[in-house]
Number of protein chains: 4
Amino acid sequence: MSRPTKEARKVSIMTQALHLFSREGFYATTMPLIARGIGMSVGNLYNYFPSKESLAKELILYIAELLGDEIRAINESPLSTRDKIDAIVAMYFRIAQEQPQTIEYFLRVYLSNREVFRNGCEGMLCVSPFVTELMIFFEEGVRAQELRNQDFFSAFGLFMGYLGGMVFLQGENILPHGLDEYRASISENIYHALKTH
Amino acid sequence: MSRPTKEARKVSIMTQALHLFSREGFYATTMPLIARGIGMSVGNLYNYFPSKESLAKELILYIAELLGDEIRAINESPLSTRDKIDAIVAMYFRIAQEQPQTIEYFLRVYLSNREVFRNGCEGMLCVSPFVTELMIFFEEGVRAQELRNQDFFSAFGLFMGYLGGMVFLQGENILPHGLDEYRASISENIYHALKTH
Amino acid sequence: MSRPTKEARKVSIMTQALHLFSREGFYATTMPLIARGIGMSVGNLYNYFPSKESLAKELILYIAELLGDEIRAINESPLSTRDKIDAIVAMYFRIAQEQPQTIEYFLRVYLSNREVFRNGCEGMLCVSPFVTELMIFFEEGVRAQELRNQDFFSAFGLFMGYLGGMVFLQGENILPHGLDEYRASISENIYHALKTH
Amino acid sequence: MSRPTKEARKVSIMTQALHLFSREGFYATTMPLIARGIGMSVGNLYNYFPSKESLAKELILYIAELLGDEIRAINESPLSTRDKIDAIVAMYFRIAQEQPQTIEYFLRVYLSNREVFRNGCEGMLCVSPFVTELMIFFEEGVRAQELRNQDFFSAFGLFMGYLGGMVFLQGENILPHGLDEYRASISENIYHALKTH
DNA sequence: GATGAATGAGCTTTCATTCAT
DNA sequence: AATGAATGAAAGCTCATTCAT
């Protein structure tokens with residue numbers, strides 16, 4: 001049986017770290033815990049990532065690119081702005097369901113432990129692939145006169161805060177229904193919030 | 001000079017802990033640090049709170065009550081639902097500015113370190129005073145036919161996610177303008193999102 | 001039985017550290033080793049010294065003062081320069097015999113691990129009490145016309161290198177006789193090296 | 001292009017190790033660091049030297065032979081004892097300047113980390129080529145009635161301690177002048193110390 | 001001979017918590 | 001109630017050495 005490649009090992013570390021970080025938090029997740037989870041020695045972990053922080057930073061970059069790619073695909077589709085909102089909400093919830101660690105990591109590790117990302121991820125540096133695409137979405141909606149022209153961050157906060165909030169509530173088992181059943185009303189709310197009168 | 005009462009001592013511990021937790025995070029704040037900040041010994045801290053976690057839990061309860069009281073006052077006022085939205089947004093931003101620890105604690109300690117609150121604050125247990133008042137606000141708006149009748153959590157996620165997101169962005173120095181300049185557009189967005197057509 | 005005072009504890013840590021550092025070297029001496037040697041927990045060590053390095057620095061300061069005091073006493077005595085040389089050699093060897101750790105620490109920890117002392121002990125900062133007294137000795141000898149007037153460091157290197165070298169050789173069990181039997185010849189050699197012709 | 005011989009590989013390892021050990025110290029120099037510096041794998045290093053310690057021991061042997069050869073050449077020259085002292089001092093300082101690693105290794109690795117050389121280099125075992133030549137120098141000086149007849153180690157300690165001390169002071173940037181400017185006075189001091197009256 | 005991923009013991013340091021006073 | 005010295009488990013990280021390839 002051939003040994004897994006170096007790249008495969010790196011992926012398995014990142015997968016395990018994503019899992020633990022998102023569930024237990026950055027500080028409660030220890031390097032020995034990550035190592036044990038994939039049957040690797042602690043020392044060897046450091047052959048792949050020079051520090052716990054660097055591991056966390058690679059993860060957020062990976063996630064931002066993943067989300068950025070998803071939104072880009074939607075931006076490039078021929079949908080109306082109204083339907084793009086639908087598509088973004090659906091995409092976000094689909095990821096939250098299929099690979100919940102991804103969104104949880106974003107919410108509970110990246111947004112919460114800013115000191116960890118201070119060096120190397122200043123401002124939106126590590127999430128720019130994703131923010132950029134949302135900005136494009138918004139500006140195209142404005143140009144198409146489907147959305148009101150307002151400060152981007154007012155729209156951005158609405159989008160991300162709202163979606164993040166819903167996923168958070170679901171993660172806490174607070175929602176009486178599944179995420180999917182909220183999709184329509186959330187899209188509608190966002191659309192009404194942003195659309196031209 | 002009379003010795004401070006037990007209750008006063010407890011308040012001063014909580015004030016100091018709130019300050020440190022919100023600024024440094026739960027894990028980077030040590031018990032000796034809290035004690036030193038108020039000229040008390042570590043040992044004595046444990047006469048008031050049986051553990052670091054219990055201190056964190058009492059804090060979120062306190063904050064939930066504070067925010068709950070603020071919203072109750074708005075609920076009990078004779079304003080229209082539209083103006084109540086304005087008032088809630090203004091109140092939230094005012095607190096974020098006047099006592100930023102409060103909102104920061106909510107966003108960066110309570111929402112972020114779920115593992116800390118796992119036992120004892122399941123679901124919305126520790127924030128119910130505040131959630132309850134928002135629920136009342138929403139139901140009255142529906143009854144007055146100013147707001148569409150939808151699942152409460154869809155509205156709740158919008159409200160809290162949006163406001164929390166904006167305060168977060170400001171905390172990261174990402175917003176091009178001050179929070180106050182977003183007040184009007186945010187209220188408007190929320191109102192359009194939730195109002196009857 | 002009353003507990004030892006904080007100062008006494010600190011002395012016992014320093015004593016034990018001096019012992020181990022001088023015998024095993026700075027790096028081969030671990031904090032757990034120091035702690036175990038005096039029946040104290042590792043954690044508590046850090047209530048007395050903020051780091052292993054700071055412990056090493058306090059030790060060299062202590063030693064430099066001890067040696068400085070000894071030489072000062074000789075400087076202040078009414079002896080001739082010739083006899084002062086005798087006295088300094090005798091004193092150095094006496095300390096090397098009675099508390100060998102002291103001299104060994106100077107030779108094998110302070111002089112050898114300069115990187116440890118880089119911050120806070122630059123140049124001769126941490127050994128100045130001792131160097132200063134030797135400088136006084138030398139200058140008084142020159143003024144009394146018993147010693148040739150030459151660059152101080154040429155004399156200093158002779159003195160310290162020679163004495164240190166002999167103690168080193170003894171520590172390695174290389175000397176065929178005890179240190180004391182070299183005292184006369186060493187004093188004589190030093191005197192002849194430095195005296196006016 | 002022919003592959004380097006086994007011997008050539010060994011020399012390149014030793015050169016690199018000497019360089020790093022003398023500059024960074026024994027403990028701060030890691031085996032991977034040595035390997036990387038010469039484009040060799042860690043594993044292969046162990047085909048040439050069974051351990052880090054053995055590498056350090058081979059180095060001191062090499063240096064002792066190098067210094068021994070230098071002194072032998074001086075011993076075999078027709079100079080007077082007085083001039084041989086001059087020549088030895090000059091040689092030592094020349095090496096300290098041309099290949100400082102050599103002397104630094106002797107002072108800061110061999111003399112300083114005795115625990116490393118405890119097994120295998122007891123006493124003068126690993127530096128005997130060099131000590132032997134100095135012994136010959138001294139005995140010939142005595143026989144020629146230029147030097148007083150005293151215990152060899154008293155003279156040895158003077159020579160090595162003094163020269164080592166001066167190089168050390170220079171390494172610490174403590175000397176107000178360059179080493180060369182001390183050459184004459186040092187030779188003179190040594191000669192006066194040892195010569196017949 | 002050569003590679004370098006892998007090991008695992010051990011390092012310095014931290015900190016919630018306890019308890020004798 | 002109050003103190004703060006003491007504990008000890010555990011953290012992040014390092015590195016000499018091994019061994020399958």
Side-chain angles (χ1 to χ4, degrees), chain A residues 1-6 8-10 26-36 39-55, chain B residues 3-6 9 26-36 39-55, chain C residues 1-6 8-10 26-36 39-55, chain D residues 3-6 9 26-36 39-55:
Chain A
M1 207 171 76
S2 72
R3 203 190 304 175
T5 66
K6 200 159 188 205
R9 286 294 230 171
K10 195 166 178 179
F26 180 77
Y27 291 103
T29 298
T30 71
M31 294 299 267
L33 220 54
I34 296 173
R36 201 172 312 136
M40 179 184 269
S41 68
V42 213
N44 203 16
L45 228 53
Y46 283 84
N47 286 330
Y48 294 85
F49 297 92
S51 70
K52 193 181 174 186
E53 270 194 26
S54 73
L55 176 47
Chain B
R3 178 151 9 132
T5 67
K6 182 150 199 204
R9 287 291 231 170
F26 179 77
Y27 290 101
T29 299
T30 71
M31 295 297 267
L33 215 58
I34 297 172
R36 198 172 316 134
M40 179 186 269
S41 70
V42 222
N44 202 15
L45 226 55
Y46 282 82
N47 287 328
Y48 293 86
F49 298 91
S51 72
K52 193 181 175 186
E53 270 193 27
S54 72
L55 176 48
Chain C
M1 205 170 78
S2 72
R3 202 192 302 179
T5 67
K6 199 156 189 208
R9 285 296 228 171
K10 195 166 178 179
F26 180 77
Y27 291 104
T29 298
T30 71
M31 294 298 265
L33 221 54
I34 296 172
R36 200 172 313 136
M40 180 184 268
S41 69
V42 214
N44 202 18
L45 229 52
Y46 283 83
N47 287 329
Y48 293 85
F49 297 92
S51 71
K52 193 182 174 184
E53 270 194 26
S54 73
L55 176 47
Chain D
R3 183 159 357 141
T5 66
K6 183 149 195 204
R9 288 290 231 171
F26 179 77
Y27 290 103
T29 299
T30 71
M31 294 298 267
L33 215 58
I34 296 172
R36 199 172 317 134
M40 177 186 271
S41 71
V42 221
N44 203 15
L45 226 54
Y46 281 82
N47 287 327
Y48 293 85
F49 297 91
S51 72
K52 193 182 174 185
E53 270 193 25
S54 72
L55 176 47

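Proteins come first, then strands; the chains are lettered A, B, ... in the order of their sequence lines, and each starts at number 1.
Using a 4.5 Å heavy-atom cutoff, the side chains of Asn44(A) and Tyr48(A) are in contact.
The side chain of Met40(B) approaches dT3(F) more closely than any other nucleotide in the set dT7(F), dT3(F), dT14(E). The side chain of Thr30(D) lies closest to dC15(F) when the candidates are dA2(F), dC15(F), dA16(E).
Annotation: of the two residues near DNA chain E, Ser51(B) and Tyr27(C), the 5′-most nearest-nucleotide partner is Tyr27(C). Annotation: of the two residues near DNA chain E, Gly39(D) and Val42(B), the 5′-most nearest-nucleotide partner is Gly39(D).
Side-chain atoms of Asn47(C) and base atoms of dA6(F) include a donor and an acceptor less than 3.5 Å apart.
Looking at every heavy atom in both residues, Met31(D) comes nearest to Leu45(D) through O-CD2, 3.6 Å. When all heavy atoms of Val42(C) and Pro32(C) are compared, the pair lying nearest together is CG1-N, 4.1 Å. When all heavy atoms of Phe49(A) and Ser54(A) are compared, the pair lying nearest together is CB-OG, 3.8 Å.
For the OP1/OP2 pair of dA2(E) and a distance below 4.0 Å, the side-chain nitrogens and oxygens of Arg9(D) include at least one atom meeting the criterion. A close approach under 4.0 Å does not occur between any side-chain nitrogen or oxygen of Lys52(B) and OP1 or OP2 of dT17(E). Note on Tyr46(A): a side-chain N or O is less than 4.0 Å away from OP1 or OP2 of dC13(F). For dG4(E), neither phosphate oxygen OP1 nor OP2 lies less than 4.0 angstrom from any side-chain nitrogen or oxygen of Arg36(D). For the pair Tyr48(D) and dA2(E), the criterion of a side-chain N or O lying under 4.0 Å from OP1 or OP2 is met. For the OP1/OP2 pair of dT7(F) and a distance below 4.0 Å, the side-chain nitrogens and oxygens of Ser41(C) include at least one atom meeting the criterion.
Note: CE (Met31(B)) to C1' (dT7(F)) measures 16 Å, nearest angstrom. Between the P atom of dG8(F) and the CG atom of Leu45(C) lies a distance of 14 Å, rounded to the nearest Å. Between Phe49(A) atom CZ and dT14(F) atom P the separation is 15 Å, expressed in whole Å. Atom pair Leu55(B):CG and dA16(E):C1' shows a separation of 12 Å (rounding to whole Å applied). dG1(E) atom P lies 8 Å from atom CG of Asn44(D), rounded to whole Å.
Among the protein residues, Thr29(B) comes within range of the sugar-phosphate backbone only, with heavy atoms under 4.0 Å from sugar or phosphate atoms but none that close to a base. Residue Pro32(C) is classed as a base contact, given a heavy-atom separation below 4.0 Å to a base.
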